[in-house]
Amino acid sequence: MSSTFNPELDESFEYGTAHDLQTLTVDVPNSLSKTPDPSKCFLIYIHGGAWRSPAQSAADFDPARNLILNTAAYSDILPRIAGFASINYGLSSPSSNPSRIPGRNYKYPQHLQDIRLALDWLRERYNIGATDGWNYILIGHSCGATMAFQITSSLTPSGTGYRSPLAVVGIEGLYDLPLLLKNFPDPFYRQFVTDAFGDSEQNWADWSPVNDAKLGDTVTSSTVLTIAHSDDDELVDWAQAEAMKLAISKCKGKEKTLVVSLKGSHDDVWQKGVGVAEAIRQTLNKCYETE
Ligand SMILES: N[C@@H](CC(=O)c1ccccc1NC=O)C(=O)O
């Protein structure tokens with residue numbers, strides 16, 4: 001018997017009907033059992049793009065997924081992977097020129113509500129993430145990393161019908177929005193934060209994962225929290241990763257914190273795929289290291 005993952009289904013589905021970005025792509029074996037195999041987990045990706053770039057989408061996960069599936073260098077982690085999913089979600093638009101297209105003028109927490117709908121859909125359809133369901137790892141790039149951590153603290157309290165993710169992987173993530181704006185005075189940064197979160201600076205701090213007191217109460221002590229960042233990132237600095245490391249060190253799961261140093265520019269890490277794939281490899285190895 002080969003343990004190699006052989007995707008039979010690579011499809012786009014609608015997880016909602018409010019607009020055309022409520023879709024996700026799924027890549028799983030057709031015969032996937034509802035009964036989970038505890039030696040495997042699902043990889044669920046949340047793309048970046050500053051909550052508003054029309055150029056980024058669920059397809060951002062393709063280069064890393066293809067590397068993992070087709071490159072001998074990743075054959076060590078392939079047996080751990082039950083499938084891949086990648087989520088599209090509604091976007092913001094410049095407040096100076098608001099879009100009239102449905103799903104293009106989002107304000108927080110609408111983006112996050114779409115992520116939750118997508119996860120609910122995966123849970124209903126494939127039993128991914130249900131209390132008795134498949135294990136999963138949430139992976140996010142840039143603002144996708146922000147949302148991966150934000151959504152985790154609403155999924156994990158008992159009674160939600162979800163199990164804790166095996167890991168949360170933040171790549172080139174935004175974790176402390178006031179600090180980001182302080183370190184990057186270019187008006188573009190303030191603009192995209194305002195477009196997504198409105199004018200209230202308090203709101204920016206409240207939504208920053210570094211200030212999420214619930215994260216530590218909700219993840220289990222075995223949840224791996226990965227902060228991956230590249231020295232070559234020209235758009236987001238290490239100060240974000242450092243701030244999140246400090247915040248995580250106060251969590252119950254701190255012994256499972258993993259810091260991964262990547263190479264390549266902010267967008268190289270997903271466009272070339274090596275950075276995202278490498279963060280996933282190290283995370284999976286950490287998740288299963290005690291076996
Ligand atoms: N390529 C994006 C820029 C972008 O995504 C970005 C820029 C600075 C800091 C973070 C960013 N994205 C995070 O999700 C754009 O064209 O809007």
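As the structure is a prediction and not an experimental result, all values here were calculated from the model. Throughout, numbering of the chain's residues begins at 1 and tracks the sequence. As the structure lists them, so they are numbered: ligands from 1, and atoms in each ligand from 1.
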| task | Answer yes or no: is there an ion pair linking Asp76 with Arg281, defined by an N-O contact shorter than 4.0 Å? | result |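 The answer is yes: the pair qualifies as a salt bridge.
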| query | Are Asp60 and Arg65 within salt-bridge range, i.e. N to O under 4.0 Å? | reply |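 Judged by the 4.0 Å cut-off on N to carboxylate O distance, Asp60 and Arg65 do not form a salt bridge.
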| query | Is the backbone N or O of Val26 less than 3.5 Å from a side-chain atom of Glu11, with the two atoms forming a donor-acceptor pair by type? | reply |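 Absent.
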| query | With a 6.0 Å cut-off on ring centres, are Tyr106 and His19 close enough? | reply |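 Close enough - the centres of the two rings lie under 6.0 Å apart.
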| More than 12 heavy atoms from other groups under 6.0 Å of NZ on Lys272 |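 No - once you tally the heavy atoms of other residues, nucleotides and ligands closer than 6.0 Å, there are 12 at most.
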| said: What does the 4.0 Å heavy-atom contact list look like for ligand 1? | reply: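 Contacts of ligand 1 under 4.0 Å: Gly48, Gly49, Ala50, Ser53, Gln56, Ser142, Cys143, Phe188, Tyr189, Phe192, Leu235, Val236, His266.
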| task | Could you go through the ring-ring contact (aromatic ring centres under 6.0 Å, His included) check for Tyr108 and Trp207 one step at a time? | result | CA-CA 9 Å; Tyr108 246 68; Trp207 278 112; 4.9 Å; yes
